[in-house]
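Structure, as structure tokens:
Please read all numbers here as calculations on a predicted model, not as lab measurements. One-based numbering, in listed order, for ligands and for the atoms of each. Start at 1 with the first residue, then count along the sequence.
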Amino acid sequence: MSLIQHFVNGKSYKGNSNRKGKVFNPATGEQESEVILGSKEDLNNTVNIARKAFESWSAKPPLQRARVMFKFKELIERNSEEIAKLIVSEHGKVYEDAKGSLTRGLEVVEFACGIPQMLKGEFTENVGSEVDSWSIRQPLGVCAGITPFNFPAMVPMWMFPMAIACGNSFILKPSEKDPSCSFKLAELLSEAGLPDGVLNVVNGDKEVVDAILENKDIQAVSFVGSTPIAKYIYENAAHNEKRVQALGGAKNHCVVMPDCDLDQAVNGLMGAAYGSAGERCMAQSVAVAVGDIGDRLVDKLSKKVEVLKVGPGMDKNSEMGPLITKEHLEKVRGYVDIGVKEGAKLVVDGRNLKLQGYEKGFFIGGCLFDNVKKDMRIYKEEIFGPVLSVVRAKDFEEASKLVNDHEYGNGVSIFTRDGDAARTFSSKIKVGMVGINIPIPVPMAFHSFGGWKRSLFGDQHMHGPEGVRFYTKLKTITSRWPSGIRSNPEFVMPTMK
Ligand code: NAD
């Protein structure tokens, strides 16, 4: 059985921990490898290495840093098949979806290639008489990222290309459920010419996370994962005087208006609810049927959910793969049981799906609920599986209120042909990412990604312009070069007269 190690100072590193985690292939249900669960000491040793690497890396001109990113981009493209297969083997999602997620991560690398432009700063000549002023953004030092299982390549790539292009060194703590991608990406960045110690991967669980939060030499922490852990990271990182952005869970609504193109909405919902087995933070798990469209929506959806092709991710015919672990499968099944008990109507039941040859795999079929009410647990809580709940609302106002009252505010979409409704919706809705006739409105790399309410703790979204702001600090310099004139001491605030 293979052993997944840390990647520190440009090479694999065993560290001093005896603890190991199990990594499964979710399609077969078999354990495929072990991952070292690092210790506090492993993390602290890595921080010392990253601190030294920061000194010379931050002094490199941004153009040189960008050239490493250009080379990294080329290497990812060349190795995309291998990386996508790694994603499928440890996460379970279907191959084309895995490739798509890698491309979305690659786009952040492409954005990071333009870092000289992003770091240009601002200059004002003559802020006062013969006084000039300019602002620059400087890197922070050692930054850390803690990432979830559901996007083992893309989410780490939201973080480290931006942090590193800005001149920081970085320590990544990937999910212990599918850690191989992070190791591979670190190897490729090293091959692209990144100096040793600038990007390090320390595998582990809570012990490494807590060591990150406590280490005084880590300046900033980026986190993506579930809301309770995001809150824990936010509170403890802030308590230890670190900059922090902590992205949490979601319950994304799709508002289906009576005037919409229903086939378009149904197709959009199918991909958004069941793609990646619903294990996406931008998955749509609630469809709000407005006015009289409910029966037609449920009818069309149920016909499609019943024939959803569930199978291993490497099978070209599969539309949806397995869930990540046996425990998660049980949790999702449990939520379906709860929904039935709560009185929602289970229109399609995927709980008993069995796949020949993959009996031990973590598979569940697509599930569809109708008549879900806002006080039910299946409406309030994030299930993170292929379970779509249809809630009925009498009008646009009631639908918008449902979205605004929900504790999560990651993504939302509306399907309509009414420009007025769409414009009001995008202006008034209390959610960070909004789609109009777009089911999964994930912003491109040159915008920034982030939710509102309990889907994000902190001020800055990920990557794009917000990423540059997060991974740099602002310095403003005011200067004059007097010759001959000797000014007297001034005891009042200088102002422009
Ligand atoms: P998780 O919160 O269980 O784990 C995320 C990370 O935190 C992992 O690296 C894990 O090792 C670490 N961790 C777990 N428990 C911890 C603890 N008690 N103390 C310290 N660290 C701990 O999340 P997950 O199950 O890997 O991922 C799924 C969740 O991530 C979902 O809630 C999903 O919505 C969310 N997510 C959000 C976004 C977003 O952009 N908002 C993107 C992807 C995933």
Assess Y408 for proximity to ligand 1: is some non-hydrogen atom of it under 4.0 Å away? no
Look at the side chain of K453 and the backbone N and O of H406, then say whether any donor-acceptor pair between them is shorter than 3.5 Å. yes
I need the contact type for F449 against ligand 1. Using non-hydrogen atoms and a strict under-4.0 Å cut-off, is it side chain, backbone, both or neither? side chain
Would E176 count as being in polar contact with ligand 1, using the rule that some N or O on each side must be under 3.5 angstrom apart? yes
To the nearest 0.1 Å, how far is atom 3 (O) of ligand 1 from its closest protein heavy atom, and which atom is that? S226 OG, 4.1 Å
Does Y232 reach ligand 1 with a nitrogen or oxygen that is under 3.5 Å from one of the ligand's nitrogen or oxygen atoms? no
of all protein heavy atoms, closest to atom 32 (O) of ligand 1 is E382 OE1, 2.6 Å
May I ask you to identify, for T147, whether its side chain, its backbone, both or neither come under 4.0 Å of ligand 1 on a heavy-atom basis? backbone
Strictly below 4.0 Å, N to O, side chains only: are E107 and R104 in salt-bridge contact? yes
Distance filter under 4.0 Å to I146 heavy atoms, resulting ligand 1 atoms: 6 (C), 7 (O), 9 (O)
State whether the number of non-hydrogen atoms from other residues, nucleotides or ligands found under 6.0 Å of E241 atom CD is greater than 12. no
Please give me the minimum heavy-atom distance between S276 and D97, naming the atom from each residue. CB-OD2, 3.5 Å
May I ask you to check if ligand 1 and G249 share an N or O to N or O distance below 3.5 Å? no
Please could you name the atoms of ligand 1 that W158 approaches to less than 4.0 Å, counting only its heavy atoms? 40 (O)
Can you tell which part of M462 has a heavy atom less than 4.0 Å from ligand 1: side chain, backbone, both or neither? neither
Using a strict 4.0 Å threshold on nitrogen-to-oxygen distance, state whether D196 and K11 make a salt bridge. no
Below the 3.5 angstrom mark, is there an N/O of G225, backbone or side chain, next to an N/O of ligand 1? yes
Atom 20 (C) of ligand 1: the protein heavy-atom neighbour that sits closest, reported with distance to 0.1 Å: V209 CG1, 3.5 Å
Please identify which atoms of ligand 1 are closer than 4.0 Å to at least one heavy atom of N410. 41 (N)
Which atoms form the tightest heavy-atom contact between R454 and E407, and what is the distance? NH1-OE1, 2.6 Å
At a 4.0 Å cut-off, with the gap strictly under it, does some heavy atom of F384 reach an atom of ligand 1? yes
Pair R469 + E466, salt bridge at N-O below 4.0 Å: yes
Between E327 and K331, does at least one N-O distance fall below 4.0 Å, as a salt bridge requires? no
Which residue holds the protein heavy atom closest to atom 24 (P) of ligand 1, what is that atom called, and what is the gap in Å? F149 CD2, 3.6 Å
Centroid separation F446 to F111 less than 6.0 Å: no
When distances are taken from atom 27 (O) of ligand 1, the protein heavy atom at minimum range is P148 CB, 3.2 Å
When V412, V431, I436 are each screened for side-chain contact (heavy atoms from CB on, under 4.5 Å) with F425, the one that passes is V412
How about CG on D459, more than 12 heavy atoms from neighbouring residues, nucleotides or ligands closer than 6.0 Å, or not? no
Measuring from the heavy atoms of G248, does anything fall under 4.0 Å of ligand 1? yes
Checking a contact table here: which protein heavy atom is nearest atom 7 (O) of ligand 1, and how many Å away? F223 CE1, 3.4 Å
Centre-to-centre under 6.0 Å for F151 and H91, is that the case here? no
Tell me whether the centres of the aromatic rings in H253 and Y408 are closer together than 6.0 Å. no
Out of I212, I229, N252, N236, who is nearest to atom 18 (N) of ligand 1 when you count heavy atoms only? I229
Which residue supplies the protein heavy atom nearest to atom 19 (N) of ligand 1, what is that atom called, and how far is it? K206 CG, 3.4 Å
Under 4.0 Å from any heavy atom of K173, which atoms of ligand 1 are there? 8 (C), 9 (O), 10 (C), 11 (O)
Distance to 0.1 Å, residue and atom name: give those for the protein heavy atom nearest to atom 39 (C) of ligand 1. C281 SG, 3.4 Å
Just which atoms of ligand 1 are under 4.0 Å from any heavy atom in N150? 43 (C), 44 (C)
From the list I36, T46, V201, L172, side-chain contact (heavy atoms from CB on, under 4.5 Å) with H6 holds only for I36
